Amino acid sequence: MIPGDFQPQKPTGTQLAKLGALGAVLLGGFIGIVLVLTFVISSWLGRPVIFGHDGPDQPIEFPHETHVKELGMDCTFCHRNVEKEAAASVPATGLCMTCHLAVGDELEGITKMRSLYEDGRSIHWVRVHRVPDHVHFVHEAHIRYFSEKDGIEAKDVCATCHGDVASMDKVQQNRALKMGDCVNCHKQNNAPTDCATCHY
Amino acid sequence: MVDSNKWGMVVDIDRCTGCQGCVVACQSENNIPINLEEHFNQRRAIQWIRIERYWEGEYPDVKARFIPIMCQHCGNAPCEPVCPVYATYHNDEGMNVQVYNRCIGTRFCANGCPYHVRFFNFWEPEWPESLKNQLNPDVTVRSRGIMEKCSFCVQRIQRSTRESERDNEVLEDGDRGLNPACVNACASNSLIFGNFNDPDSTVSKMKEDAMQEGERGYQLMENLGTDTNVIYLKKVDESAEVTHGY
(Lines give C-alpha, C1' and ligand atoms only; values in the text may rest on other atoms or scores of the structure.)
Protein backbone atom coordinates (compact mmCIF):
# COMPACT_ATOMS: atom_id res chain seq x y z
CA MET A 1 0.00 0.00 0.00
CA ILE A 2 1.38 3.41 -0.99
CA PRO A 3 1.64 5.71 2.03
CA GLY A 4 -0.90 8.47 1.85
CA ASP A 5 -3.14 6.51 -0.43
CA PHE A 6 -6.81 6.90 0.47
CA GLN A 7 -8.35 3.72 1.61
CA PRO A 8 -12.10 3.98 2.31
CA GLN A 9 -12.97 2.18 5.50
CA LYS A 10 -16.25 0.78 6.50
CA PRO A 11 -17.71 2.78 9.43
CA THR A 12 -17.88 0.88 12.67
CA GLY A 13 -21.10 0.18 14.53
CA THR A 14 -20.50 2.90 17.15
CA GLN A 15 -19.76 5.47 14.44
CA LEU A 16 -23.02 4.62 12.71
CA ALA A 17 -24.93 4.86 15.98
CA LYS A 18 -23.38 8.27 16.70
CA LEU A 19 -24.23 9.48 13.22
CA GLY A 20 -27.78 8.25 13.62
CA ALA A 21 -28.15 9.94 16.97
CA LEU A 22 -26.81 13.20 15.51
CA GLY A 23 -29.29 12.94 12.66
CA ALA A 24 -32.17 12.28 15.02
CA VAL A 25 -31.21 15.25 17.20
CA LEU A 26 -30.93 17.57 14.19
CA LEU A 27 -34.25 16.35 12.78
CA GLY A 28 -35.93 16.74 16.17
CA GLY A 29 -34.48 20.23 16.52
CA PHE A 30 -35.69 21.17 13.07
CA ILE A 31 -39.21 19.94 13.78
CA GLY A 32 -39.14 21.74 17.12
CA ILE A 33 -38.09 25.01 15.47
CA VAL A 34 -40.84 24.65 12.86
CA LEU A 35 -43.44 24.02 15.58
CA VAL A 36 -42.26 26.98 17.64
CA LEU A 37 -42.25 29.22 14.56
CA THR A 38 -45.78 28.09 13.67
CA PHE A 39 -46.90 28.88 17.19
CA VAL A 40 -45.21 32.31 17.21
CA ILE A 41 -46.54 33.27 13.78
CA SER A 42 -50.03 32.02 14.67
CA SER A 43 -50.14 33.96 17.88
CA TRP A 44 -48.75 37.05 16.14
CA LEU A 45 -51.41 36.87 13.44
CA GLY A 46 -54.06 35.94 16.00
CA ARG A 47 -55.17 32.83 14.09
CA PRO A 48 -53.74 29.42 13.21
CA VAL A 49 -51.55 29.35 10.09
CA ILE A 50 -50.82 25.68 9.35
CA PHE A 51 -52.72 23.39 11.67
CA GLY A 52 -56.43 24.05 11.73
CA HIS A 53 -56.27 27.19 9.61
CA ASP A 54 -59.55 26.16 7.99
CA GLY A 55 -61.37 26.20 11.31
CA PRO A 56 -61.86 23.51 13.93
CA ASP A 57 -63.82 20.30 13.34
CA GLN A 58 -67.34 20.61 14.71
CA PRO A 59 -69.27 17.73 16.31
CA ILE A 60 -71.90 18.09 13.60
CA GLU A 61 -71.03 19.51 10.21
CA PHE A 62 -73.33 22.48 10.00
CA PRO A 63 -73.45 23.74 6.40
CA HIS A 64 -73.94 27.49 6.59
CA GLU A 65 -74.04 27.51 2.80
CA THR A 66 -77.20 25.38 2.65
CA HIS A 67 -78.99 27.37 5.30
CA VAL A 68 -77.95 30.89 4.37
CA LYS A 69 -77.27 30.82 0.63
CA GLU A 70 -79.74 28.24 -0.56
CA LEU A 71 -82.56 28.66 1.93
CA GLY A 72 -81.96 32.37 2.50
CA MET A 73 -82.13 32.36 6.28
CA ASP A 74 -80.84 35.43 8.16
CA CYS A 75 -77.94 35.20 10.61
CA THR A 76 -80.29 36.63 13.22
CA PHE A 77 -82.76 33.76 12.80
CA CYS A 78 -80.48 31.39 14.70
CA HIS A 79 -78.09 33.81 16.44
CA ARG A 80 -81.07 35.60 17.85
CA ASN A 81 -79.48 37.40 20.75
CA VAL A 82 -77.06 39.31 18.54
CA GLU A 83 -79.21 42.43 18.36
CA LYS A 84 -80.10 42.39 22.05
CA GLU A 85 -77.23 41.22 24.18
CA ALA A 86 -73.49 40.92 24.46
CA ALA A 87 -73.31 37.34 23.20
CA ALA A 88 -74.64 36.41 19.76
CA SER A 89 -75.73 33.03 21.16
CA VAL A 90 -76.00 29.64 19.47
CA PRO A 91 -79.53 28.25 19.29
CA ALA A 92 -80.75 25.29 21.30
CA THR A 93 -81.54 22.08 19.42
CA GLY A 94 -85.23 22.91 19.82
CA LEU A 95 -84.88 25.62 17.18
CA CYS A 96 -83.26 23.16 14.76
CA MET A 97 -86.11 20.76 15.37
CA THR A 98 -88.73 23.23 14.09
CA CYS A 99 -87.57 22.27 10.58
CA HIS A 100 -85.61 19.09 11.13
CA LEU A 101 -88.53 17.28 12.68
CA ALA A 102 -89.59 16.84 9.06
CA VAL A 103 -86.56 17.34 6.83
CA GLY A 104 -83.09 15.84 6.53
CA ASP A 105 -83.88 12.24 7.49
CA GLU A 106 -81.09 10.86 5.32
CA LEU A 107 -78.30 12.91 6.90
CA GLU A 108 -76.03 11.53 9.61
CA GLY A 109 -75.70 14.89 11.40
CA ILE A 110 -79.45 15.28 11.67
CA THR A 111 -79.83 11.83 13.26
CA LYS A 112 -77.15 12.80 15.80
CA MET A 113 -78.83 16.12 16.52
CA ARG A 114 -82.23 14.48 16.95
CA SER A 115 -80.90 11.94 19.42
CA LEU A 116 -79.29 14.77 21.41
CA TYR A 117 -82.58 16.65 21.33
CA GLU A 118 -84.47 13.65 22.62
CA ASP A 119 -81.99 13.20 25.47
CA GLY A 120 -82.34 16.87 26.33
CA ARG A 121 -78.66 17.50 25.72
CA SER A 122 -77.01 20.27 23.77
CA ILE A 123 -74.49 20.14 20.94
CA HIS A 124 -70.99 20.94 22.15
CA TRP A 125 -69.92 23.24 19.34
CA VAL A 126 -66.24 24.10 19.21
CA ARG A 127 -65.78 27.80 19.63
CA VAL A 128 -64.17 29.54 16.65
CA HIS A 129 -64.02 33.22 17.62
CA ARG A 130 -62.61 33.65 21.07
CA VAL A 131 -61.34 36.74 22.83
CA PRO A 132 -59.55 36.52 26.20
CA ASP A 133 -61.51 36.53 29.44
CA HIS A 134 -60.53 40.12 30.23
CA VAL A 135 -62.11 41.44 27.02
CA HIS A 136 -65.82 42.13 27.01
CA PHE A 137 -67.11 42.39 23.47
CA VAL A 138 -70.75 43.40 23.05
CA HIS A 139 -72.38 42.33 19.80
CA GLU A 140 -75.45 44.50 20.34
CA ALA A 141 -73.62 47.84 20.36
CA HIS A 142 -71.56 47.04 17.28
CA ILE A 143 -74.51 45.77 15.25
CA ARG A 144 -76.52 48.85 16.22
CA TYR A 145 -73.75 51.29 15.31
CA PHE A 146 -72.90 49.80 11.92
CA SER A 147 -76.47 49.23 10.82
CA GLU A 148 -77.34 52.85 11.66
CA LYS A 149 -74.18 54.23 10.08
CA ASP A 150 -74.37 52.34 6.80
CA GLY A 151 -78.14 52.06 6.74
CA ILE A 152 -78.05 48.29 6.41
CA GLU A 153 -79.80 45.45 8.16
CA ALA A 154 -78.28 43.68 11.12
CA LYS A 155 -77.56 40.51 9.15
CA ASP A 156 -75.31 42.41 6.74
CA VAL A 157 -73.15 43.83 9.52
CA CYS A 158 -71.87 40.41 10.63
CA ALA A 159 -69.56 40.06 7.61
CA THR A 160 -67.51 43.09 8.78
CA CYS A 161 -65.76 40.91 11.33
CA HIS A 162 -66.81 37.36 10.55
CA GLY A 163 -66.27 37.39 6.79
CA ASP A 164 -68.46 35.56 4.32
CA VAL A 165 -69.61 32.78 6.64
CA ALA A 166 -72.29 31.75 4.15
CA SER A 167 -69.72 30.38 1.72
CA MET A 168 -67.45 28.77 4.32
CA ASP A 169 -67.20 25.01 4.38
CA LYS A 170 -66.24 25.02 8.03
CA VAL A 171 -66.56 28.28 9.95
CA GLN A 172 -63.14 29.83 10.31
CA GLN A 173 -61.79 33.00 11.81
CA ASN A 174 -61.54 35.78 9.29
CA ARG A 175 -60.08 38.67 11.25
CA ALA A 176 -57.22 38.58 13.70
CA LEU A 177 -59.37 39.92 16.60
CA LYS A 178 -56.29 41.35 18.27
CA MET A 179 -56.46 44.50 20.35
CA GLY A 180 -54.75 46.60 17.65
CA ASP A 181 -57.49 45.59 15.25
CA CYS A 182 -60.19 46.67 17.72
CA VAL A 183 -58.48 49.96 18.57
CA ASN A 184 -57.88 50.90 14.92
CA CYS A 185 -61.54 50.43 14.13
CA HIS A 186 -62.59 52.30 17.29
CA LYS A 187 -60.37 55.25 16.29
CA GLN A 188 -61.73 55.32 12.73
CA ASN A 189 -65.29 55.41 14.03
CA ASN A 190 -64.70 57.81 16.95
CA ALA A 191 -65.68 55.10 19.38
CA PRO A 192 -64.34 55.34 22.94
CA THR A 193 -60.79 54.09 23.45
CA ASP A 194 -60.96 54.21 27.23
CA CYS A 195 -59.60 50.93 28.65
CA ALA A 196 -62.74 50.45 30.75
CA THR A 197 -64.83 50.25 27.58
CA CYS A 198 -63.74 46.64 27.07
CA HIS A 199 -61.54 45.67 30.00
CA TYR A 200 -63.28 45.25 33.34
CA MET B 1 -78.57 65.38 30.31
CA VAL B 2 -74.94 66.09 30.99
CA ASP B 3 -72.02 65.79 28.61
CA SER B 4 -69.82 63.67 30.79
CA ASN B 5 -70.49 61.65 33.88
CA LYS B 6 -68.69 61.75 37.20
CA TRP B 7 -69.77 58.74 39.16
CA GLY B 8 -69.73 58.94 42.89
CA MET B 9 -71.28 57.70 46.06
CA VAL B 10 -72.70 59.11 49.26
CA VAL B 11 -72.44 56.96 52.38
CA ASP B 12 -74.72 57.85 55.26
CA ILE B 13 -73.09 56.33 58.31
CA ASP B 14 -76.08 57.27 60.42
CA ARG B 15 -78.15 54.71 58.53
CA CYS B 16 -75.55 51.94 58.39
CA THR B 17 -76.39 48.99 60.62
CA GLY B 18 -73.26 47.02 59.85
CA CYS B 19 -75.19 44.10 58.39
CA GLN B 20 -72.45 43.26 55.83
CA GLY B 21 -75.04 42.89 53.07
CA CYS B 22 -72.97 45.10 50.78
CA VAL B 23 -69.90 42.97 51.41
CA VAL B 24 -71.68 39.76 50.40
CA ALA B 25 -73.27 41.41 47.37
CA CYS B 26 -69.90 42.70 46.24
CA GLN B 27 -68.17 39.36 46.69
CA SER B 28 -70.72 37.59 44.52
CA GLU B 29 -71.12 40.29 41.88
CA ASN B 30 -67.42 40.73 41.28
CA ASN B 31 -66.17 37.12 41.37
CA ILE B 32 -64.11 37.65 44.50
CA PRO B 33 -62.66 34.39 45.81
CA ILE B 34 -63.81 33.12 49.18
CA ASN B 35 -61.70 34.48 52.02
CA LEU B 36 -60.63 31.78 54.43
CA GLU B 37 -59.59 32.39 58.01
CA GLU B 38 -55.93 31.98 57.17
CA HIS B 39 -56.23 34.67 54.47
CA PHE B 40 -57.46 37.11 57.09
CA ASN B 41 -54.70 36.07 59.48
CA GLN B 42 -52.14 36.75 56.78
CA ARG B 43 -53.81 40.13 56.02
CA ARG B 44 -54.30 38.92 52.47
CA ALA B 45 -58.09 38.68 52.33
CA ILE B 46 -59.78 40.42 49.41
CA GLN B 47 -62.79 42.61 50.19
CA TRP B 48 -63.59 45.38 47.75
CA ILE B 49 -65.94 46.85 50.31
CA ARG B 50 -65.56 46.20 53.99
CA ILE B 51 -67.34 47.25 57.15
CA GLU B 52 -65.00 48.61 59.77
CA ARG B 53 -66.31 48.26 63.30
CA TYR B 54 -65.36 50.43 66.24
CA TRP B 55 -66.45 50.09 69.85
CA GLU B 56 -67.23 53.24 71.75
CA GLY B 57 -67.63 53.71 75.48
CA GLU B 58 -67.20 51.40 78.47
CA TYR B 59 -69.40 48.49 79.47
CA PRO B 60 -72.40 48.68 79.94
CA ASP B 61 -72.62 51.81 77.78
CA VAL B 62 -70.97 50.28 74.73
CA LYS B 63 -71.88 51.40 71.27
CA ALA B 64 -70.86 49.78 68.04
CA ARG B 65 -69.95 52.09 65.19
CA PHE B 66 -69.78 50.94 61.58
CA ILE B 67 -68.27 52.49 58.51
CA PRO B 68 -68.30 50.89 55.05
CA ILE B 69 -65.07 51.53 53.18
CA MET B 70 -64.56 50.93 49.48
CA CYS B 71 -62.29 52.46 46.84
CA GLN B 72 -62.80 56.21 47.13
CA HIS B 73 -62.09 56.79 43.41
CA CYS B 74 -59.91 59.76 44.32
CA GLY B 75 -59.59 62.72 41.98
CA ASN B 76 -55.93 62.94 43.00
CA ALA B 77 -55.33 59.26 43.47
CA PRO B 78 -52.05 58.34 45.17
CA CYS B 79 -52.16 54.92 43.48
CA GLU B 80 -52.11 56.24 39.94
CA PRO B 81 -48.74 57.99 39.49
CA VAL B 82 -46.80 55.11 41.06
CA CYS B 83 -47.91 52.50 38.54
CA PRO B 84 -45.02 51.83 36.14
CA VAL B 85 -47.23 50.24 33.48
CA TYR B 86 -50.20 52.63 33.56
CA ALA B 87 -52.47 49.82 34.71
CA THR B 88 -54.44 52.14 36.95
CA TYR B 89 -55.59 55.48 35.66
CA HIS B 90 -58.40 57.98 35.86
CA ASN B 91 -60.98 57.82 33.12
CA ASP B 92 -63.31 60.49 31.75
CA GLU B 93 -66.11 59.38 34.05
CA GLY B 94 -64.24 60.19 37.24
CA MET B 95 -63.48 56.57 38.01
CA ASN B 96 -60.21 55.08 39.02
CA VAL B 97 -59.89 52.16 36.63
CA GLN B 98 -57.81 49.04 37.17
CA VAL B 99 -56.78 47.38 33.90
CA TYR B 100 -56.11 43.76 34.77
CA ASN B 101 -54.32 42.82 31.58
CA ARG B 102 -51.81 45.62 32.01
CA CYS B 103 -51.03 44.96 35.65
CA ILE B 104 -47.71 43.26 36.36
CA GLY B 105 -48.19 43.10 40.13
CA THR B 106 -45.61 45.49 41.52
CA ARG B 107 -48.02 46.35 44.37
CA PHE B 108 -46.80 49.97 44.42
CA CYS B 109 -50.40 51.15 44.19
CA ALA B 110 -51.42 49.18 47.28
CA ASN B 111 -48.58 50.79 49.17
CA GLY B 112 -49.66 54.21 47.95
CA CYS B 113 -53.31 53.83 48.88
CA PRO B 114 -54.13 55.40 52.26
CA TYR B 115 -57.49 53.61 52.50
CA HIS B 116 -56.24 50.04 52.11
CA VAL B 117 -58.74 49.21 49.40
CA ARG B 118 -56.41 47.70 46.83
CA PHE B 119 -55.84 43.97 47.02
CA PHE B 120 -53.25 41.69 45.56
CA ASN B 121 -54.06 38.21 44.33
CA PHE B 122 -51.58 36.10 46.24
CA TRP B 123 -53.22 32.90 44.99
CA GLU B 124 -55.01 31.62 41.97
CA PRO B 125 -58.71 32.20 42.81
CA GLU B 126 -60.61 29.07 43.78
CA TRP B 127 -64.25 28.29 44.35
CA PRO B 128 -65.90 25.12 45.58
CA GLU B 129 -67.35 22.95 42.82
CA SER B 130 -70.89 23.96 43.75
CA LEU B 131 -70.16 27.64 43.15
CA LYS B 132 -68.47 27.27 39.74
CA ASN B 133 -71.62 28.26 37.89
CA GLN B 134 -72.35 31.35 39.96
CA LEU B 135 -69.46 33.39 38.54
CA ASN B 136 -70.48 36.63 36.88
CA PRO B 137 -69.62 36.41 33.18
CA ASP B 138 -69.43 40.21 32.94
CA VAL B 139 -66.48 40.41 35.31
CA THR B 140 -63.02 39.08 34.62
CA VAL B 141 -61.75 36.40 36.98
CA ARG B 142 -58.46 37.84 38.17
CA SER B 143 -55.57 35.44 38.11
CA ARG B 144 -52.70 35.26 40.56
CA GLY B 145 -50.27 38.16 40.62
CA ILE B 146 -52.42 41.17 39.81
CA MET B 147 -54.07 43.93 41.79
CA GLU B 148 -57.78 44.45 42.05
CA LYS B 149 -60.14 46.87 43.71
CA CYS B 150 -63.65 48.27 43.69
CA SER B 151 -64.65 49.35 40.18
CA PHE B 152 -67.98 50.98 41.14
CA CYS B 153 -69.38 47.95 39.27
CA VAL B 154 -68.25 49.38 35.94
CA GLN B 155 -69.87 46.44 34.15
CA ARG B 156 -73.29 47.64 35.33
CA ILE B 157 -72.53 51.23 34.34
CA GLN B 158 -71.40 50.14 30.87
CA ARG B 159 -74.46 47.99 30.42
CA SER B 160 -76.96 50.61 31.52
CA THR B 161 -75.31 53.37 29.46
CA ARG B 162 -75.37 51.10 26.44
CA GLU B 163 -78.99 50.14 26.94
CA SER B 164 -80.12 53.71 27.45
CA GLU B 165 -78.29 54.71 24.25
CA ARG B 166 -80.00 51.87 22.42
CA ASP B 167 -83.43 53.01 23.55
CA ASN B 168 -82.63 56.74 23.14
CA GLU B 169 -83.40 57.41 26.76
CA VAL B 170 -81.70 59.60 29.29
CA LEU B 171 -79.91 57.69 31.97
CA GLU B 172 -81.18 58.71 35.37
CA ASP B 173 -80.38 57.77 38.92
CA GLY B 174 -80.86 54.11 39.62
CA ASP B 175 -82.06 53.38 36.09
CA ARG B 176 -81.61 49.97 34.52
CA GLY B 177 -79.51 48.53 37.28
CA LEU B 178 -77.00 51.36 37.12
CA ASN B 179 -76.35 51.06 40.82
CA PRO B 180 -73.42 48.97 42.04
CA ALA B 181 -74.21 45.70 43.76
CA CYS B 182 -73.51 47.10 47.24
CA VAL B 183 -75.98 49.96 46.74
CA ASN B 184 -78.69 47.59 45.52
CA ALA B 185 -78.08 45.30 48.46
CA CYS B 186 -78.09 47.99 51.15
CA ALA B 187 -81.15 47.39 53.29
CA SER B 188 -81.08 50.74 55.06
CA ASN B 189 -80.32 52.89 51.99
CA SER B 190 -77.13 54.16 53.51
CA LEU B 191 -75.29 53.89 50.20
CA ILE B 192 -76.46 56.16 47.38
CA PHE B 193 -74.87 56.12 43.94
CA GLY B 194 -75.15 58.64 41.15
CA ASN B 195 -73.68 61.22 38.85
CA PHE B 196 -72.00 64.22 40.49
CA ASN B 197 -71.93 66.12 37.18
CA ASP B 198 -75.71 66.06 36.99
CA PRO B 199 -76.94 68.83 39.32
CA ASP B 200 -80.36 67.17 39.65
CA SER B 201 -79.09 63.78 40.78
CA THR B 202 -79.66 62.65 44.35
CA VAL B 203 -75.97 62.45 45.12
CA SER B 204 -75.12 65.96 43.95
CA LYS B 205 -78.01 67.40 45.96
CA MET B 206 -76.92 65.43 49.02
CA LYS B 207 -73.33 66.50 48.53
CA GLU B 208 -74.31 70.14 48.19
CA ASP B 209 -76.36 70.02 51.38
CA ALA B 210 -73.93 67.96 53.37
CA MET B 211 -70.72 69.79 52.52
CA GLN B 212 -71.98 73.12 53.87
CA GLU B 213 -70.46 74.52 57.03
CA GLY B 214 -71.69 72.66 60.12
CA GLU B 215 -73.35 69.90 58.12
CA ARG B 216 -72.58 66.19 58.31
CA GLY B 217 -70.57 65.64 55.15
CA TYR B 218 -66.89 64.80 55.09
CA GLN B 219 -64.41 62.91 53.00
CA LEU B 220 -62.18 60.18 54.36
CA MET B 221 -58.75 61.55 55.22
CA GLU B 222 -59.58 64.91 53.69
CA ASN B 223 -56.26 66.28 54.90
CA LEU B 224 -54.40 64.14 52.34
CA GLY B 225 -56.03 66.09 49.52
CA THR B 226 -57.10 63.01 47.61
CA ASP B 227 -60.34 64.67 46.47
CA THR B 228 -62.44 61.54 46.80
CA ASN B 229 -65.61 60.73 44.88
CA VAL B 230 -67.18 59.16 47.96
CA ILE B 231 -68.82 61.48 50.48
CA TYR B 232 -69.50 60.27 54.02
CA LEU B 233 -72.24 61.68 56.23
CA LYS B 234 -71.35 61.37 59.87
CA LYS B 235 -73.42 59.85 62.63
CA VAL B 236 -76.18 61.96 64.11
CA ASP B 237 -75.48 61.28 67.75
CA GLU B 238 -74.81 64.10 70.15
CA SER B 239 -73.72 61.83 72.97
CA ALA B 240 -70.84 60.22 71.13
CA GLU B 241 -68.58 62.16 68.87
CA VAL B 242 -67.38 60.35 65.80
CA THR B 243 -63.68 60.65 65.25
CA HIS B 244 -62.22 60.16 61.84
CA GLY B 245 -59.40 57.99 63.04
CA TYR B 246 -56.50 60.20 62.09
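Everything numeric here is computed off the predicted structure, so don't read it as measured data.
We find the CD-CD distance between B:Glu163 and A:Glu85 to be 6.5 Å, quoted to the nearest 0.5 Å.
When every heavy atom of B:Val99 is checked against every heavy atom of A:His199, the shortest pair comes out as CG1-CB, 4.2 Å. Contact between A:Tyr200 and B:Tyr100 at its shortest, heavy atoms only, is C-CE1, 3.9 Å. The shortest non-hydrogen separation linking B:Val141 to A:Asp133 is N-OD2, 3.3 Å.
Other residues, nucleotides and ligands contribute more than 12 heavy atoms inside 6.0 Å of the CD atom of B:Gln134. Other residues, nucleotides and ligands contribute only 12 or fewer heavy atoms inside 6.0 Å of the CH2 atom of A:Trp44. Counting heavy-atom neighbours within 6.0 Å of A:Gln9 CD, excluding the residue itself, gives a total of 12 or less. Dense packing is recorded around CZ of A:Phe146, with more than 12 heavy atoms of other residues, nucleotides or ligands lying under 6.0 Å away. Within a 6.0 Å radius of CG in A:Asp105, more than 12 heavy atoms belonging to other residues, nucleotides or ligands are found. The environment of A:Met168 atom CE is dense: over 12 non-hydrogen atoms of other residues, nucleotides or ligands sit within 6.0 angstrom. For NZ of B:Lys132, the number of neighbouring non-hydrogen atoms (other residues, nucleotides, ligands) closer than 6.0 Å is greater than 12. Around CD of B:Glu126, the count of heavy atoms belonging to other residues, nucleotides or ligands within 6.0 Å does not exceed 12.
Using a 4.5 Å cut-off between heavy atoms, A:Val138 touches chain B through its side chain atoms alone. In this structure, chain B has a heavy atom under 4.5 Å from the side chain of A:Glu140, while its backbone stays farther away. Using a 4.5 Å cut-off between heavy atoms, B:Glu165 contacts chain A through both its backbone and its side chain.
Using a 4.5 Å cut-off on side-chain heavy atoms (C-beta onward), A:His134 and B:Arg102 make no contact. Two residues are said to be in side-chain contact when any heavy atoms from C-beta on lie closer than 4.5 Å; A:His136 and B:Gln155 fail this criterion. The shortest side-chain heavy-atom distance between A:Cys195 and B:Tyr89 falls under the 4.5 Å cut-off.
Options B:Asn91, B:Asp92, B:Val97, B:Asn101 differ in how many heavy-atom pairs under 4.5 Å they form with chain A, and the most are formed by B:Asn101.
Ion pairing between a basic and an acidic side chain is recognised when a charged N comes within 4.0 Å of a carboxylate O; A:Glu83 and B:Arg166 show no such pairing.
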